[in-house]
Amino acid sequence: MQLVEETPYRFRIDPRGPMRVPGVVFTSRALATDDGALEQVANVATLPGIVRASYAMPDVHWGYGFPIGGVAATDVRAGGVVSPGGVGFDISCGVRLLAADLERSDFHRVAERIMDGLSRETPRGAGRGAVWQLPGDGLLRLLTEGARYAVERGWGGQRDLDRCEDGGAVPDADPDRVSTRARDRGLGQVGSLGSGNHFLEVQAVDAVYDERTATAFGLHLDQVCVMIHCGSRGLGHQICTDHVRRMDETMADRGITVPDRQLACAPADSPDGRAYLAAMAAAANYARANRHVLGVAAGEVLREVTGRGLDLVYDTSHNLARIEQHDVDGDRRTLCVHRKGATRALPPGHPELPPDLREVGQPVLIPGSMGTASYVLAGVPEGDAFHSTCHGAGRTRSRHQAARTTDARQLRRDLERHGVVVRGNSARGLAEEAPTAYKDVDAVVSVAEGAGLCRKVARLVPLGVVKG
DNA sequence: ATGTTC
C-alpha cells in the first residue's frame with residue numbers, strides 16, 4: 001500500500017479504483033507497519049456516503065472488515081451507511097478510570113490484600129460470573145437506561161453519571177432490536193471483565209504533563225488509580241453477529257457493493273441501519289453499566305482494605321458509531337461517525353462536556369498492554385478526524401503468535417520482578433497478552449500528540465493487574 | 001472481542 005508522507009505524522013493513501021475519498025493514516029516512519037490494515041483503510045474509503053477520508057490512528061492494526069484504529073464518517077442524509085464492522089464485535093468496549101485517595105507509597109504494604117480482594121470480586125474469563133444479578137425486568141431497563149439504572153438500584157452515585165460519556169446512557173436504544181439470544185447471553189454477565197486484552201489494573205500516576213488539566217480530571221502525581229478495560233461481553237458480540245448477517249443478506253438488494261463482505265452495511269437512515277444503531281445503543285448502555293458496577297465493586301474492595309474509596313475520573317468508549325454534527329466543506333452535516341479502536345476526544349469548550357471539564361477538554365483514556373504504561377490524554381481544539389484519537393498500544397502479533405512464543409510463567413515472573421502484582425485467569429490468556437505482541441504505547445501516544453489529535457495529561461504505570 | 005466453530 002502506497003503511503004504518501006504529508007507531514008512527519010500524517011500520511012495519505014491516494015484514491016484509486018472504487019475509493020470515494022483518500023485514506024489518511026496518522027503514523028510515523030518508525031511506527032508504520034502493514035499487516036493488511038492499510039488495505040482495509042482503502043476498502044473503508046469505498047463505503048457509500050463516506051466524507052473527507054478513511055482515517056487510521058497510530059495504533060491501527062488489522063481487524064474484522066474495518067481496521068482496529070479506524071475512523072470513518074458517512075453523510076446520513078446522502079445515503080451514508082452504517083456498518084457493524086466499523087464498530088466491532090465488542091460494541092462500546094472502553095475504559096473507566098477511577099482515582100483513589102491513596103498515594104503510591106501507601107500501596108505496597110496492602111498490595112497483596114488489595115489484589116486478592118480485586119481478584120475475588122472481579123468475575124472474568126469466558127462466560128461465567130457477574131457482580132450484579134439483575135431483577136426480572138432489569139436487563140430491559142439496563143439496555144435503555146445504562147449506568148443510570150445501576151445508580152437507581154443503589155450502585156454508585158450521580159458523580160459516576162456526570163463523569164461518564166453521555167451521562168451514563170446513550171439515547172435511542174431499542175431492546176426490541178436486540179435478539180433473544182443476545183439478551184440471554186448478556187443476562188448473567190453484567191459486571192464481568194471478559195477475556196483477551198480486558199483487564200482491571202491498579203496503577204500509579206507516574207508523570208503529569210499538564211498540572212491544570214490533571215487537577216481538573218482529579219489526578220495528581222503518585223496517586224493510586226484503578227483502570228478497567230472491558231466491553232459488552234456476549235450481548236454486544238451477538239448483536240454484531242445478528243446485524244452483520246442481516247445486512248449481508250440485504251446489501252445486494254440495495255445495490256451496495258463493497259470490496260469485502262465483512263464491510264456489510266446499510267444506509268444509516270434505512271430500516272436495517274436504524275435497527276443496528278438502536279441495538280448498538282443498547283449494547284453501549286450495557287457496556288457502560290458493566291464498567292460502572294465493576295468500578296463500584298473495586299471501590300468497595302479498596303474501602304474495605306484501606307478505608308478509602310474511589311472517585312470516577314472518566315469513562316470512555318472506543319468502539320462505537322455515533323450520529324454527530326460536523327462541518328464538512330463549509331456545511332454543517334449529520335454524520336454517522338464510526339470509531340473502531342479509536343477514542344472520541346472532544347475539544348475544550350465542547351457543549352457535551354460536563355461543566356467542570358469544559359475548559360480543559362475531554363479526558364481520553366488509553367490502556368497500554370499488560371505491564372506497560374497507560375495514558376490520560378485530552379481533546380484539542382484543532383483535532384482532526386472528527387475529534388478522534390488512538391485507543392491503545394495496538395497489536396503487532398496475533399494472539400496465536402504471541403501464545404506460541406511466550407512462556408506464561410516467565411512472563412509472570414518478569415512482571416512481578418518489575419513490581420507488578422499479577423492475578424491472572426489462564427496461562428494462555430496471559431501469554432496472548434505479552435507486551436511483546438504490542439506496539440510501544442509511549443510511541444503511539446507521542447505520534448497521536450504529534451499528529452495534533454490530542455495532548456498528553458498524565459502517564460500511569462501498573463502496580464497490579466487482574467487479567468481477563 | 002466471543003458459551004474462542006451455529
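Note: hydrogens, waters and symmetry copies are ignored here, and every other heavy atom, side chains too, is used. Numbered from 1 within each chain, the chains take letters A, B, ... in sequence-line order.
- Among the atoms of the strands shown, base atoms are found under 4.0 Å from some heavy atom of A/Arg181.
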Validation: residues 67-76 of chain A side-chain donor-acceptor distances under 3.5 Å, sequence neighbours left out:
residue	atom	partner	partner atom	Å
A/Thr74	OG1	A/Val81	O	2.7
A/Asp75	OD1	A/Arg77	N	3.2
A/Asp75	OD2	A/Arg333	NH1	3.0

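- We find that CZ of A/Phe89 is positioned 12 Å from C1' of B/dT4, with the value rounded to whole Å.
- Between A/Tyr55 and A/Phe26, the ring planes lie parallel to each other; the angle is under 30°, not in the 30° to 60° tilted range.
- Computed from coordinates, the A/Tyr64 OH to B/dT5 C1' distance equals 15 Å when rounded to whole Å.
- Considering only residues two or more places apart in sequence or on other chains, A/Glu449 meets the salt bridge (charged side-chain N to carboxylate O under 4.0 Å, His left out) condition with none of them.
- Of the two residues contacting DNA chain B, namely A/Ala126 and A/His198, the nearest-nucleotide position lying further toward the 5' end is that of A/His198.
- Put simply, CD on A/Glu433 is 14 Å from C1' on B/dT2, counting in whole angstrom units.
- Note: CG (A/Asn290) to P (B/dT2) measures 10 Å, nearest angstrom.
- At whole-Å resolution of the value, NE2 in A/His400 and P in B/dT2 are 20 Å apart.
- Counting all heavy atoms, side chain and backbone alike, A/Val313 lies closest to A/Ala99 at CG2-CB, 3.8 Å.
- If you take CD1 of A/Ile68 and P of B/dT2, they are 13 Å apart, rounded to a whole angstrom.
- Taking atom CG on A/Asp242 and atom P on B/dC6, their separation rounds to 13 Å, with Å as the unit.
- Nucleotide B/dT2 holds its P atom 19 Å from the CZ atom of A/Arg245, rounded to whole Å.
- The side chain to side chain donor-acceptor pair (under 3.5 Å) contacts involving residues 273-299 of chain A comprise A/Ser92-A/Arg288, A/Arg96-A/His292, A/Asp166-A/Arg288, A/Asp269-A/Arg274, A/Arg291-A/Asp315, where partners must be two or more places apart or lie in separate chains.
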For DNA chain B, what string of dots and brackets results from 5' to 3' when Watson-Crick and G-U pairs need both distances under 3.5 Å, crossing pairs get [ ], and pairs with another strand get |? ......
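- Here A/Ser195 reaches the OP1 or OP2 of B/dT2: one of its side-chain N or O atoms lies under 4.0 Å away.
- Looking at residues two or more places apart in sequence or on another chain, you find no side chain to side chain donor-acceptor pair (under 3.5 Å) involving A/Thr406.
- Using a 4.0 Å heavy-atom distance criterion, A/Gly196 is classed as a sugar-phosphate-only contact.
- Applying the side chain to side chain donor-acceptor pair (under 3.5 Å) test to A/Thr33 and every residue at least two apart in sequence or in another chain returns nothing.
- In this structure, A/Gln189 reaches the sugar-phosphate backbone alone: every heavy-atom distance under 4.0 Å involves primed, P, OP1 or OP2 atoms, never a base.
- Partners of A/Arg344 under the salt bridge (charged side-chain N to carboxylate O under 4.0 Å, His left out) rule, at least two apart in sequence or in another chain, are A/Glu165, A/Glu352.
- A/Tyr149 is linked by a ring-ring contact (aromatic ring centres under 6.0 Å, His included) to A/Trp132, counting only residues two or more places apart in sequence or in another chain.
- DNA chain B lies under 4.0 Å from at least one heavy atom of each of the following residues of residues 225-235 of chain A: A/Arg233, A/Gly234.
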